[in-house]
Amino acid sequence: MKKLENGLTLYHGSYCVVENPDLNKCANYKDFGRGFYLTTSKEQAKSFAKISLTKAKARGDVPFSEKFAHVSFFKVKDIGELNTFAFETADVDWLHCIVSHRKESAFSDIRKSMLKYDVISGKIANDDTNTTIVAYMGNVFGSMGSEQADKMCISLLMPERLCDQFCFRTDKSISVLEFFKSEKVSLD
């Protein structure tokens with residue numbers, strides 16, 4: 001897992017170029033809460049860009065004829081004043097944090113404890129892992145939060161294969177991101 005540091009290049013996949021991230025446009029109930037999500041994996045950003053374009057077409061935000069999504073590139077600068085938290089691995093604490101942000105009634109103490117952070121980073125629970133997370137939240141592996149359910153869910157997620165994500169949750173954190181270019185991503 002890469003650490004957030006000055007000079008780090010991060011990627012954001014979307015149906016459009018994002019030069020100036022706006023937290024008001026960010027969705028709730030994401031892995032680490034509402035925020036602007038980026039990754040060190042350009043391939044992961046490309047995948048998200050394609051998914052974003054498909055969803056934007058379904059909402060009517062872009063014409064169905066649109067054939068390109070976009071990956072926006074950012075450099076991180078001047079992080080000294082940010083309050084950050086990093087999950088080093090996909091463990092029980094990481095799992096409970098993700099579930100607390102996806103399901104309002106779960107692990108509310110964890111969600112509240114994360115409010116003080118400008119940036120939260122850790123492994124990404126992407127579309128490939130969503131079925132497992134939903135099953136966990138539905139108590140399929142045992143009671144959510146039990147040792148049995150936690151172990152089963154994490155073993156099924158195969159944490160060693162998960163990419164990283166950085167959630168920039170505050171305007172202060174957004175201010176350290178410097179857009180420097182974008183690339184088109186073909187749906188083909």
Side-chain angles (χ1 to χ4, degrees), residues 1-5 8 10-15 21 23-56 58-59 69 82-170 173:
M1 175 76 197
K2 290 198 177 183
K3 299 271 187 198
L4 184 65
E5 60 187 15
L8 182 65
L10 295 172
Y11 307 97
H12 177 79
S14 182
Y15 68 93
L23 291 173
N24 293 318
K25 294 181 180 178
C26 297
N28 291 315
Y29 306 109
K30 297 293 184 180
D31 289 355
F32 298 137
R34 185 178 194 166
F36 184 64
Y37 283 80
L38 300 108
T39 180
T40 60
S41 168
K42 189 174 172 185
E43 290 307 310
Q44 183 68 37
K46 285 180 179 180
S47 175
F48 278 135
K50 292 175 182 180
I51 291 167
S52 176
L53 180 58
T54 301
K55 289 178 180 178
R59 288 190 310 265
L82 295 181
N83 193 9
T84 65
F85 186 89
F87 288 96
E88 296 300 320
T89 187
D91 59 11
V92 171
D93 293 333
W94 167 86
L95 175 62
H96 291 181
C97 182
I98 286 175
V99 171
S100 77
H101 286 101
R102 289 189 178 192
K103 186 173 183 175
E104 198 168 333
S105 63
F107 308 114
S108 60
D109 54 327
I110 294 171
R111 187 175 53 257
K112 287 176 189 171
S113 73
M114 292 288 140
L115 290 174
K116 63 186 169 192
Y117 297 108
D118 298 302
V119 180
I120 300 174
S121 60
K123 299 286 188 174
I124 186 168
N126 61 18
D127 286 349
D128 296 333
T129 61
N130 194 48
T131 303
T132 303
I133 298 284
V134 169
Y136 174 82
M137 292 189 304
N139 298 311
V140 170
F141 309 130
S143 295
M144 185 172 52
S146 69
E147 184 178 352
Q148 171 192 341
D150 291 345
K151 282 182 179 179
M152 177 62 80
C153 184
I154 291 169
S155 71
L156 292 171
L157 292 172
M158 296 182 289
E160 68 280 357
R161 294 187 183 178
L162 302 176
C163 293
D164 59 23
Q165 65 181 338
F166 293 80
C167 176
F168 287 73
R169 300 163 42 101
T170 63
S173 67

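- The environment of CD in Glu147 is sparse: at most 12 heavy-atom neighbours from other residues, nucleotides or ligands sit within 6.0 Å.
- Residues Glu104 and Tyr29 bring a donor and an acceptor atom of their side chains to less than 3.5 Å of each other.
- Here the straight-line distance linking atom CD1 of Ile98 with atom CE of Met137 works out to 10.0 Å at 0.5 Å rounding.
- Put simply, the side chain of Asp164 never gets that close to the backbone of Thr39: no donor and acceptor are under 3.5 Å apart.
- Looking at heavy atoms from C-beta onward, Thr132 lies in side-chain contact with Phe141 at the 4.5 angstrom threshold.
- Nearest heavy-atom pair across Leu23 and Phe168 is CD2-O, 3.4 Å.
- Checking side-chain atoms of Arg34 against main-chain N and O of Asn24 turns up a donor-acceptor pair under 3.5 Å.
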For the pair Cys167 and Lys30, evaluate side-chain contact (heavy atoms from CB on, under 4.5 Å) and give the outcome as yes or no after the intermediate values.
CA-CA 9 Å; Cys167 176; Lys30 297 293 184 180; over 6 Å; no
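- Within a 6.0 Å sphere centred on CE of Met152, other residues, nucleotides and ligands contribute 12 heavy atoms or fewer.
- From Phe48, atom CZ reaches atom SG of Cys163 across 8.5 Å, with rounding to the nearest 0.5 Å.
- In terms of heavy atoms, Ser14 sits closest to Ala69 at O-CB, 3.6 Å.
- A donor-acceptor pair under 3.5 Å is absent between the side-chain atoms of Lys2 and the main chain of Thr40, judged by distance alone.
- Checked by atom type and distance alone, the side chain of Asn83 pairs as donor or acceptor with a backbone atom of Lys116 at under 3.5 Å.
- Looking at Gln165, Lys123, His101 one by one, the single match for side-chain hydrogen bond (donor to acceptor under 3.5 Å, both in side chains) with Asp31 turns out to be Gln165.
- For Phe85 and Phe32, the ring centers are positioned 6.0 Å apart or more.
- The distance from atom CD of Glu88 to atom NZ of Lys3, rounded to the nearest 0.5 Å, is 3.5 Å.
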Audit row: Ile133, Leu157, side-chain contact (heavy atoms from CB on, under 4.5 Å) steps and yes/no:
CA-CA 8 Å; Ile133 298 284; Leu157 292 172; 4.0 Å; yes
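- Separating the CZ atom in Arg169 from the OG1 atom in Thr84 is a distance of 12.0 Å, to the nearest 0.5 Å.
- Residues Met144 and Tyr136 form a side-chain contact, since some pair of their non-hydrogen atoms from C-beta on lies under 4.5 Å apart.
- Across every non-hydrogen atom of Gly145 and Phe107, the tightest pair is CA-CZ, 3.8 Å.
- Between the CG atom in Leu38 and the CD atom in Gln44 there is a gap of 12.0 Å [rounded to 0.5 Å].
- Between the Thr54 side chain and the Lys50 main chain, a donor and an acceptor come within less than 3.5 Å of each other.
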Would Lys55 and Ile51 count as a side-chain contact (heavy atoms from CB on, under 4.5 Å) if you check the C-alpha gap in whole Å, the side-chain angles of each, and the deciding distance to 0.1 Å?
CA-CA 6 Å; Lys55 289 178 180 178; Ile51 291 167; 3.7 Å; yes
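- Closest approach of Phe87 and Ile120 over heavy atoms only: CE1-CG2, 4.0 Å.
- Across all their heavy atoms, Tyr117 and Ser113 have their closest contact at CE1-O, 3.7 Å.
- In plain terms, the two heavy atoms of Leu4 and Leu10 that are nearest each other are CD1-CD1, 4.4 Å.
- Note that the OG1 atom of Thr89 and the CG atom of Asp91 stand 6.0 Å from one another [nearest 0.5 Å].
- Panel note: side chain His12, backbone Tyr37; a donor-acceptor pair is recorded below 3.5 Å.
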